Amino acid sequence: MIRKCLFPVAGYGTRFLPATKSMPKEMLPVVNKPLVQYGVEEALEAGLTEIGFVTGRGKRAIADHFDVSYELEHQIAGSAKEKYLTSVRDVMAKGSFSFTRQSEMRGLGDAILTGRRLMGDEAFGVVLSDDLCVCEEEGVLAQMANLYKQFRCSIIAVQEVPEEVIHKFGVIDGEQIKDNIYQINHMVEKPDAKDAPSNLAIIGRYILTPDIFEIIESTPPGKNDELQLTDALLTQAKSGCVLAYKFKGRRFDCGSVAGFVEATNYVYENIYTHE
Ligand code: G1P
């Protein structure tokens, strides 16, 4: 059973300036709920209740969001407005929340390594909350946690993407071993379209076995001179097994303004409970 989930949330959110000048990008609301809460709800649904955040400067609002606000609770207790707190109260009741800080941003691999103490020596999930995933039945992490029970190795969520956007992603190559499941034999971080080994792009959901930490430690900086999780996972794939899973569901790129607006419209039309 996987119990823990890591959220790297130290990034600046430059593309959303000035909104993100003093507010973490993860707290931007998609309709009425901060982006990061969607990811946390997905983790909780998958049974991953020990949530760890790798934060940075200017991210205190995230910790406050998952803590009690006494003034607010006091003010609206017993009033008709209490219903607005239901979802976040539910999240707080189900999960436990821990925080650690990344002092310098040296890439996703480094962010994951910073979360080592929080995750310990067991397999754990990773959510990049910029990727908002909506699924008809089980969430992406729940789908992946089920696969983990069967395969007991690191698993990466992937999705087919068009050639013109492939350079924005980590891209995998692998041998299909079952419907929607590939054993990875190659992967590259953000290749030029002409060098991409396939059209299967990595989406921000992972299950990682804990040996990944030592592998990251011995991984040199890669694309953009950053420590890339993709490079460490390739090493893990070569020495053992890493699977890619083409998940059932839809992903919105909330790291871009266009994707964020698309997600907002989708959630407003399909998920948000209108009064
Ligand atoms: C990260 C990963 C990349 C992956 C992407 C998914 O990149 O490094 O492999 O495809 O997330 O969102 P980022 O978008 O954080 O630069």
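All values derive from a computational prediction rather than experimental measurement. In listed order, ligands and their atoms are each counted from 1. Position 1 is the first residue of the sequence, and the numbers go up from there.
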Worksheet item: Less than 4.0 Å between a side-chain N and a carboxylate O, is that true for Lys194 and Glu163?
Response: no
Discussion item. Closer than 4.0 Å to some heavy atom of Thr230 - which atoms of ligand 1 meet that?
Written reply: 9 (O)
Discussion item. Salt bridge or not between Lys248 and Glu137? Use side-chain N to carboxylate O under 4.0 Å.
Written reply: no
Worksheet item: Does ligand 1 have any atom that is closer than 4.0 Å to a heavy atom of Leu128?
Response: yes
Worksheet item: atom 8 (O) of ligand 1: which protein heavy atom is closest, and how many Å away?
Response: Glu189 OE2, 2.7 Å
Worksheet item: Where on Asp253 is there a heavy atom closer than 4.0 Å to ligand 1, on the side chain, on the backbone, on both, or on neither?
Response: neither
Discussion item. With a 6.0 Å cut-off on the ring centroids, do Phe213 and Phe124 count as close?
Written reply: yes
Worksheet item: Are any of the side-chain heavy atoms of Cys135 and Arg250 separated by less than 4.5 Å?
Response: no
Worksheet item: Is the closest basic N to carboxylate O distance between Glu217 and Arg116 below 4.0 Å?
Response: yes
Fill in: Distance-only N or O hit between ligand 1 and Ile203, under 3.5 Å
no
Discussion item. Can you confirm if the aromatic rings of Phe53 and Phe66 lie within a centre distance of less than 6.0 Å?
Written reply: yes
Worksheet item: For atom 12 (O) of ligand 1, which protein heavy atom lies nearest, and how many Å away is it?
Response: Asp131 OD2, 2.8 Å
Worksheet entry | Ile202 and ligand 1 - part of the residue with a heavy-atom distance under 4.0 Å | both
Worksheet, complete the sentence: From the list Phe252, Tyr266, Phe16, ring pair (Phe, Tyr, Trp, His ring centres under 6.0 Å) with Phe260 holds only for Phe16
Worksheet item: Any nitrogen or oxygen of Tyr206, main chain or side chain, under 3.5 Å from a nitrogen or oxygen of ligand 1?
Response: no
Worksheet, complete the sentence: atom 13 (P) of ligand 1: closest protein heavy atom, distance to 0.1 Å, is Lys190 NZ, 3.6 Å
